[in-house]
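Keep in mind the model is a prediction, meaning the values are calculated, not measured. Reminder, nothing fancy here: chain letters follow the sequence lines and each chain counts from 1.
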Amino acid sequence: MSEEKLIFEKSSPGRRASTFPELDVPLTPWDQILPKSARRASALDLPEVSEQDLVRHYTRLSQRNIGIDTQIYPLGSCTMKYNPKVNEDIAGRDGFRNIHPYQPDETAQGALEVLWQMERWLGEVSGMDAISLQPTAGAQGELTALLVAKAYHDSKGRRPRKVLVPDSSHGTNPASASYCGYEVETVKSKADGTVDLDDLKARITPDVACLMMTNPNTVGIFEKDIATIASWLHAVDAQLYYDGANLNAICGVARPGDMGCDMMHFNVHKTFSTPHGGGGPGAGPIGVKEHLRPFLPVPRVERRVDGSYFLDETAPQSIGRIRTFTGNFGILLRGLVYLKSFGSDGLAEISRGAVLNANYMLALLKGRFKAPYGDRCMHEFVLSVADKKRDKDVSATDFAKRLADFGYHAPTVYFPLIVAEAMMIEPVETESKETLDDLAALLMRIDDEDPAILHAAPVNTPVGRLDEVGAARNPVLRWMPTKP
Amino acid sequence: MSEEKLIFEKSSPGRRASTFPELDVPLTPWDQILPKSARRASALDLPEVSEQDLVRHYTRLSQRNIGIDTQIYPLGSCTMKYNPKVNEDIAGRDGFRNIHPYQPDETAQGALEVLWQMERWLGEVSGMDAISLQPTAGAQGELTALLVAKAYHDSKGRRPRKVLVPDSSHGTNPASASYCGYEVETVKSKADGTVDLDDLKARITPDVACLMMTNPNTVGIFEKDIATIASWLHAVDAQLYYDGANLNAICGVARPGDMGCDMMHFNVHKTFSTPHGGGGPGAGPIGVKEHLRPFLPVPRVERRVDGSYFLDETAPQSIGRIRTFTGNFGILLRGLVYLKSFGSDGLAEISRGAVLNANYMLALLKGRFKAPYGDRCMHEFVLSVADKKRDKDVSATDFAKRLADFGYHAPTVYFPLIVAEAMMIEPVETESKETLDDLAALLMRIDDEDPAILHAAPVNTPVGRLDEVGAARNPVLRWMPTKP
Amino acid sequence: MPFEHPYLPQTENDRAAMLKTIGVAKLDDLFEPIPAAFRLAKPLDLPKHLTEMELRSEFQQLAGLNKSTGHLDNYLGAGAYEHYSPSLVKHLLLRSEFYTSYTPYQPEMTQGVLQSIFEYQSCICTLTGMDVSNASLYEGGHAMAEACLMARAKTGRNKVVLGAGVHPEYAQVLRTYTHNLETQIVQAKLAADGTTDLDDLKALVDDSCAAVVVANPGFFGCLEDGAAFATIAHAKGALLIACVEPVSLALLQSPGEFGADIACGEGQSLGLSLSYGGPYLGFLAAKMALVRQMPGRICGQTKDNRGQRAFVLTLQTREQHIRREKANSNICTNQTLMAIAATIHLGALGPQGLRDVAEQGVQKAHYLAAKLSGLKGVKLAFGAPWLNEFTLDLGVAAEPVLRRLRDKGILAGVPLSRFFKERDKQILVAVTETKSRAQLDVYATALKEALA
Amino acid sequence: MPFEHPYLPQTENDRAAMLKTIGVAKLDDLFEPIPAAFRLAKPLDLPKHLTEMELRSEFQQLAGLNKSTGHLDNYLGAGAYEHYSPSLVKHLLLRSEFYTSYTPYQPEMTQGVLQSIFEYQSCICTLTGMDVSNASLYEGGHAMAEACLMARAKTGRNKVVLGAGVHPEYAQVLRTYTHNLETQIVQAKLAADGTTDLDDLKALVDDSCAAVVVANPGFFGCLEDGAAFATIAHAKGALLIACVEPVSLALLQSPGEFGADIACGEGQSLGLSLSYGGPYLGFLAAKMALVRQMPGRICGQTKDNRGQRAFVLTLQTREQHIRREKANSNICTNQTLMAIAATIHLGALGPQGLRDVAEQGVQKAHYLAAKLSGLKGVKLAFGAPWLNEFTLDLGVAAEPVLRRLRDKGILAGVPLSRFFKERDKQILVAVTETKSRAQLDVYATALKEALA
Ligand SMILES: Cc1ncc(COP(=O)(O)O)c(C=O)c1O
Ligand SMILES: Cc1ncc(COP(=O)(O)O)c(C=O)c1O
């Protein structure tokens, strides 16, 4: 496949990919509407192309991309599972797609019921007492929950200044914490991948607002001492935050709310199968225990005794609004469809499948690749190729690039930061045994290859390795029209 | 891209890509319904795969295919123009998609109006007096019209036995004629590509039922003597059939009905932009002059004085039914949407664009490739690489295969049969000048390449040249389960 | 101002540059080969162009004039059935590499369509118990006509005997197709139980007979004795053509099992939308000995020059583009996309899903039939076994009753008077997996009221 | 029988084989790391699973409880607008290589998304007159909050002054976001003509001020004097943030033209469906000097090792996955697919199409406003110039009037009492290209009747 020009480079003045009906009202003279000084004088350099050329351009661009629908996407921590087509169809229905966020509640009862039901489903799945569907993604969920915790502490007249995060935690955890003015303190991990309890205990003081934990953690190990940790935290009225990115490991099997967690976020775009869309959109609802409910953001979805639903903005202790309108409705809707497709009799099968697949994959690979955290894992696991880097100068990046030659997306590499040359594999429950066998065989085949092949990879992709340093050093961040 | 297994080879007993709700009526014992002897005993070797694997399989297969949306598809005689997305959306509406062909007319007035309007549009575009939308594709249109002609002759007590077709005609013309029991006689073409009038005149006798002409003909030249030809035919009451496959050259500019043609078919899937779907579906309505109207197939769409529509099956002289139900409704609907998107003020622009593009392309190429029929053409033209075949052993096939290496579909090759090493190019009006420039430049670049490269081509496609002889000699026409 | 249209890329500048390259002064000059007398002097008598927004609203209005299966509970069948097709089928059909491509003449760049066709052929073969399938025909009636012509070509004989259950429109298509081929078409009588009168059939089948056609289930819903047909046909050297409904094949003896030489039928029930009658899918499969007589595209497996398995259109010397007037059929454009749709649908269902669909239709139909035939004056018209479609005798003229049911939101069945004037009290009722027990109960109550 | 589900491929045989390879006896053993006390002993208190058919019908029913823009003539705006988006946009978004892919971490296999983002950034830059755009934020309110935080980081100052036209919900989001950052948020008064009181603004902007935010058009529809804002802000060393509506930029001076340093806003009007409030698209662009403060993904152009142009996520040392608590934002997942949708939509419209849409909205809105303000007691609330959205004073309490109009099938506007208790007679009316003159006339008549 040859280079694909930018859409701007296919532009020719006067071409149209769409036209509009003629104006059917009498023209109000423009001078009566818009002062000259307010009018745009600069060029509007948008593309001018025909409909066929536009369609062809983005069809071709799509062909220069891979997704779950083309091959397994074992990106650890990202839960790249099948995105059901029926969810797209349902979200595409006129009655869901073409409703305005400020419609009177009476004209949006179906949408409100979707939100109300989604809160109930998430509550039951997580064991949390109250849900807010407002946050747009996981990171915003973290931020919202931390603000909720802050409001809680405020309400008690306390001002703890610290948030603890394990060194294995996801970058958004410390970033969210500092975003709302907390000091971030990092807790060490032990050799087995779990939080170092001694280090943690030493750090728990009344100045701690919150500990953010992922469980299973980012190396795929369940933090079995979570209840103990919770009790330590609660002793100083610190909150235990559960990062729900790895909920796929325990969904339907165990609940954060039963483990002493006070608040959490869900990544609907991970656990509940909504498409990642090349980076987004997602939805990051949060769940909290009863004591935090008053502080949840507005609006809240409520049900009247007559069964009708309404949006409530009157929560005196609420942290306020975390986004405009009422959340990423279209994504939440898809998530609810997904949850209902499994139901009470099926939800556990999600995690059972995910954990089975991950352990199977680990069993296939552990003879060949170093698995720093042992033979078992939950829904994902981390390998280290530090030895291969040392012995034959083959890095995690090299494996990633070579996989691309065979049409496979790489595992997550170089995360978590505590593992050198990390490759983090999350095979998800929607992948068949055959697919796992193929990927494992391929990884071993690549391991057998001449390192020179890996260094040169990829060669079968539309582009080869990129000059990333150059990209950052001389940033070219937009197309510019060439001056005539 | 590596080989893609057959879906059967991904099958594993017990996998499901869909499930159905439980039966909600009391079970009638099977023995009361179905005698044992009537029951299936043999295996049902359908694939058993998960939803993700199924989606992935056909997504990948689609990636092993090209279409108009990926690149210009200059396949002569096929009019591979842009397939508007809005047409798909409209045809996908519940009110069109989910209606049964035997619904009472009162519950299908919208569908009947679509058909009625489509008849009116096709009639006005072609200058024909009556339209039947029944035929499913062009070839069935030919057959239907020939049967109509036969019925007409019968009604006059005549039994002419011959159908004349030019040697440049499409294969379906003679095939359709012999299909309904006619003797086929081939008329010669002259060096300028048009029908040899002397040869034709000599063949016109009272035993001739019909002459089938394509105009512009398959080499892209307008048969300017068509009126004369019509008068010769009419003198013996023979009918002039117009093969509408090339209507894109004259749509909105001139009308077969004004040229003396008595009957014709339309290829809705060519001229009127409906997707070819990898070989079909299409729609091949026919138009006839008044004297042939009584013989058109049933059902006919009619309008009552009150403006309501109905299907009429009572035509005493009709040839009868040419297919079940009422035509390829979904395709006819798309065609009508397309026609309306151009309207009386735009229809001529289709052909003007098509003829401009073809002549431009011919102008770009004629210095390098032999154009046996001169410097001008209508909407398509034929080149011959017979000289290149002779001089450097590079055939039309070689060009075709090498184009594939660059992601371009080949022109039609080896048709029409009257041109040696023919490459028939139809650039259609939806292609931009830049696309034509690129294709012309590529053809010349290929012409400059070492013949060895062409013989080895394609190398960039998922598969290389195929053993077609082997395929025909040892036909493997289905997957077979391997015996355990 | 020039006519601007999203489907027309050439700007005024482009046109000028292109005309210069061509060497003509103005675009109209390119149309000089068309005698002036034929060139339209005034615009066509049609409305002006509509923009996309206007098209959508105009056709939305037209669509609104139709009552879809979402608006009326639909029990119409008679050759076209409402089935559930999983969401993924439509999604995959919208892959534009499939739907915007042409017949796969250049196999190196169209392996996707070719392999899909090969898979389709394999599905049809396993369903029907045949050796070879083509890549699709126009629709069921066409498939049956082509099957008869295959038999005619193979046997050199010129008579076709139809079982009594052949769809009346299929029979009409066959008559039209063979009108000029001096082929004799006769149909056996219907026995009282709704199946073909086998004695009559036997009497009609003679040495001049090219083919016997058995429709199973028959038009009235009843199951035929395929093996008996086979014996009668083969005894006289005629071929047996089985015209079958593919969903039923999950339960029924396949044509191959009961001895048919050719199987054909309508594939719409394999996930294709009703679409007011088309586009549908004619399928045609046969024993290997008949492959040369088979019309249309056939896809075969082969190897490429890199040693990979690959697929290609094969045995093309049967076809019009090679053989012209000597071709075994005139078909060119077929219904490939519908064949791909059916293949994906079958992949989505799998053997168990297809059985589920078939069984649920049968069970729900029998549940409904029991309820309906319990109503006063109402009875099943025929006694032979049937699956999910049955002929109901209302005891009174059917049309007014149907109209009353329609007003209650039910399309209760196809009135048989549409095909047979004398059967004006009978309707053909089809039930599929899409109907819930609640709907069936509503139907029964509504019929009771309509008859009261 | 095991739980069968289309999204779960492992059969009983697969499970057995896999467990054997793993070396455990049964699947539940793999969950042993979870203390037994936490493992659920009884099923969740939720309904059982639904099949696809059941899901479709359940959600069809829920969708039916909503009155869409197809059912009610919709004049609601206030930050989310009904626009026509060409069919092709939705078709291209359904390309599953786009929507089923993750953030393009591996650029060699995700050039499609990367190039689309680069094109998106280019579109946003030309619209806003800025140098650099990121790859998207959550939505407009979030974009404005991040813009303020950028200014705060750049200037080291801690006060933000909002123009009077800032969307009240955006202001609330900003307050929530900055709650723990000791940032002072103040808002200038509204002048009588519906624009910001510039004297008040001037008084509020001092040396501690990081940013001034101008919303143009303002929440009440009125156009602000962007250049005056710029002068006031820059005089005190504050940055000017312009919160703008992208369709209006086809007509209005761009933020770059009037001197803004940062431009932000909601991109929903670029072809995204209303979807009850999301997923939408926050856009954020700035002058080059602010690139290091910019949050979120940014795509840059570079070369590959074959010398080809290629695209990659760049300047990542701003981001959380590299810098953790020192990152300039916590954003990870963003709204890329919406950015691609907007880019395709803009490509479909082109500059002329976007102008057409903007102009038609303005003209139709002015036509309607003239009709409505001709009714007794009804008047435009403000005198400043406006585009396609205006504040109408009904002279009487708005809620009952709106309810009456709703019963006539019209969502006549957003009641301002929703945001400002005291504005209970005012409604905000938005008109776009989707409305026909006939609809506007119906609205005027209906309002007359509702007021009578
Ligand atoms: C462990 C973990 N936490 C938090 C997040 C942040 O979620 P989001 O990307 O939805 O903002 C992620 C996502 O990558 C994650 O993997
Ligand atoms: C000139 C000509 N005539 C007739 C036909 C037959 O039309 P169809 O393929 O629709 O049956 C074709 C199509 O290829 C054609 O090109």
Partner chain B: residue of A:E51, A:Q52, A:K81, A:K10 with the largest heavy-atom pair count (under 4.5 Å): A:Q52
For chain A, which residues of residues 428-440 of chain B have heavy atoms nearer than 4.5 angstrom: B:T430, B:E431, B:S432, B:K433, B:E434, B:T435
Side chains of A:Q71 and B:R60 in contact at under 4.5 Å (non-hydrogen atoms): yes
Region of B:D53 in contact with chain A, defined by heavy-atom distances below 4.5 Å: side chain
Part of A:N460 lying under 4.5 Å from any heavy atom of chain B: neither
Closest non-hydrogen atom pair, B:K85 against A:V55: CE-CG1, 3.7 Å
Pick from B:T59, B:T70, B:V49 with the largest number of heavy-atom pairs that fall under 4.5 Å of chain A: B:T70
